[in-house]
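Before any comments, here is the structure.
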There are 2 protein chains.
Amino acid sequence: MKNKEAISVFLALGQETRLNIFRLTVQRGNIGVTPGEIVEILGIPNATLSFHLKELQHADLVLVERRSRNLIYRPNADLVKRISDFLLENCCGGKPCIPVAQTSKGKI
Amino acid sequence: MKNKEAISVFLALGQETRLNIFRLTVQRGNIGVTPGEIVEILGIPNATLSFHLKELQHADLVLVERRSRNLIYRPNADLVKRISDFLLENCCGGKPCIPVAQTSKGKI
DNA sequence: TTCATATTTCCAATTATATGGAAATATTAA
DNA sequence: TTAATATTTCCATATAATTGGAAATATGAA
């Protein structure tokens, strides 16, 4: 996980419509969801949806497959775990974490 | 975890400087880090840092404590786990996940 | 072909975010 | 007090993201 990669994920999820879209794909799982369904469910214009889906795709948060006339979007759930690991990387400089109680209100 | 809460976290982390600041606080753990140190380490102007620290604070990603003339910033590492749980909430509609291989390239 | 459905692209207007110098404020030591 | 250090606020400028209507493109059915 690189810094740039993580930023694109966070930027993608830091927007209400996109967060809703992503969470919807998670709820669908491998059944997936089409743009048409998303427009129905979330009530957003198709131009707006298309823009946001592309952002999610660029962040690699969703995977897309064409199936006849429809596109099917599915979540890249694995990425969520990798992101959370990235954020906690080298926690406490690699040493065992010192509980807050021992230091935060006492002497350091 | 509410939608708004999650968005503020993602918005906070979707910016290079803030992501670097947050990861630095994680690496420090409960020892914490002061704005002065952050300015030194990341090489950003203090006005810029102050702005970003406030964003991280508003997102509840960092906790702050005054210690004499210094402020000490520490990560709210717990929030990282809650965010990741939120993203995967009600995965596959609550039913056991169907592996991709069974559906994505076959008939649905 | 022709037609209907599904989705994307274009584009211009709006709104939001980031930057950093300079000045202001806060805290403590001497 | 006065001086030194630490941090924040102000503010104007610059940059980037969001929106959605209308038109264009893609796909497959009849």
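Proteins get letters first, then strands, A, B, ... in listed order; numbering begins at 1 in each. Quick caveat, the model's predicted, so the values are computed rather than measured.
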- Report yes or no: is the cationic atom of B/R23 (NZ for Lys, CZ for Arg) under 6.0 Å from the centre of the six-membered ring of A/F86, at an angle within 45° of the ring normal? yes

- On DNA chain D, more 5' by nearest nucleotide between A/R66 and A/E55 is A/E55

- Message: So, does A/H52 get its side chain near the phosphate of D/dA17, meaning an N or O under 4.0 Å from OP1 or OP2?
- Response: no

- Query: Does CD belonging to B/E40 count more than 12 external heavy atoms closer than 6.0 Å?
  - Reply: no

- Examine C/dT7: is either OP1 or OP2 under 4.0 Å from a nitrogen or oxygen in the side chain of A/Q57? Give yes or no. no

- Calculate the interatomic distance between B/L49 atom CG and D/dT9 atom C1'; express it in whole Å. 14 Å

- Note on the structure: Nearest heavy-atom approach of A/A12 to A/E55 is CB-O, 4.3 Å

- Message: Expressed as a whole number of angstroms, how long is the span from A/F51:CZ to C/dC11:C1'?
- Response: 13 Å

- Item | Heavy-atom closest pair, residues B/L71 and B/P35 | O-CD, 3.3 Å

- Taking atom C1' of D/dG28 as reference, at what distance in whole Å does atom CG of A/L71 sit? 14 Å

- Between P of D/dA17 and CG of A/L13, the distance in whole Å: 15 Å

- Message: In whole Å, I'd like the distance from the NZ atom of A/K54 to the P atom of C/dT7.
- Response: 14 Å

- Message: Less than 4.0 angstrom from a charged side-chain N to a carboxylate O is my criterion; do B/R18 and B/E16 meet it?
- Response: no

- Message: Closest-nucleotide mapping onto DNA chain D: is A/L11 or A/I44 further toward the 5' terminus? I mean the 5' end.
- Response: A/L11

- Report yes if a side-chain nitrogen or oxygen of A/Q15 is closer than 4.0 Å to either non-bridging phosphate oxygen (OP1 or OP2) of C/dT17; otherwise report no. no

- Query: Among C/dG20, D/dT19, C/dT7, which nucleotide sits nearest the side chain of A/T17?
  - Reply: D/dT19

- Query: To 10°, what angle do the rotation axes through the five end pairs on each side of the helix from C/dT1-D/dA30 to C/dA30-D/dT1 form?
  - Reply: 30°

- Under-4.0 Å side-chain N/O to phosphate OP1/OP2 contact, A/N70 with C/dT7: yes

- Whole Å only: how far is the CD1 atom of A/I7 from the P atom of C/dT17? 16 Å

- Item | Over all atoms of both residues, closest heavy-atom pair of B/Y73 and B/V62 | CD2-CG2, 3.8 Å

- Scan B/S68 against the nucleic acid and name what it touches under 4.0 Å (heavy atoms): base, sugar-phosphate only, or nothing. sugar-phosphate

- Query: Of the candidate nucleotides C/dT8, C/dT19, D/dT8, which contains the atom at the shortest distance from the side chain of A/N46?
  - Reply: C/dT8

- Message: Side-chain N or O of A/S50 versus OP1/OP2 of C/dT7: is the shortest distance under 4.0 Å?
- Response: no

- A/H52 vs A/Q15, side-chain contact (heavy atoms from CB on, under 4.5 Å): CA-CA, chis, key distance, verdict: CA-CA 9 Å; A/H52 288 306; A/Q15 206 279 347; 3.7 Å; yes

- For D/dA17, does OP1 or OP2 lie under 4.0 Å from any side-chain N or O of A/R18? no

- Would you kindly give the CD-to-P distance between B/E16 and D/dT15, to the nearest whole Å? 17 Å

- Item | Minimum heavy-atom distance between A/I7 and B/L19, given as atom pair plus value | CG1-CD2, 3.6 Å

- Check: C/dA26 base within 3.5 Å donor-acceptor of B/R69 side chain: no

- Task: Measure from the side-chain heavy atoms of A/P35 and tell me the nearest of C/dT8, D/dT19, C/dT19.
- Result: C/dT8

- Query: A/L56 CG to C/dT8 P: how many Å, rounded?
  - Reply: 12 Å

- Query: Choosing from C/dG21, C/dT7, D/dT8, which nucleotide comes nearest the side chain of A/T34?
  - Reply: C/dT7

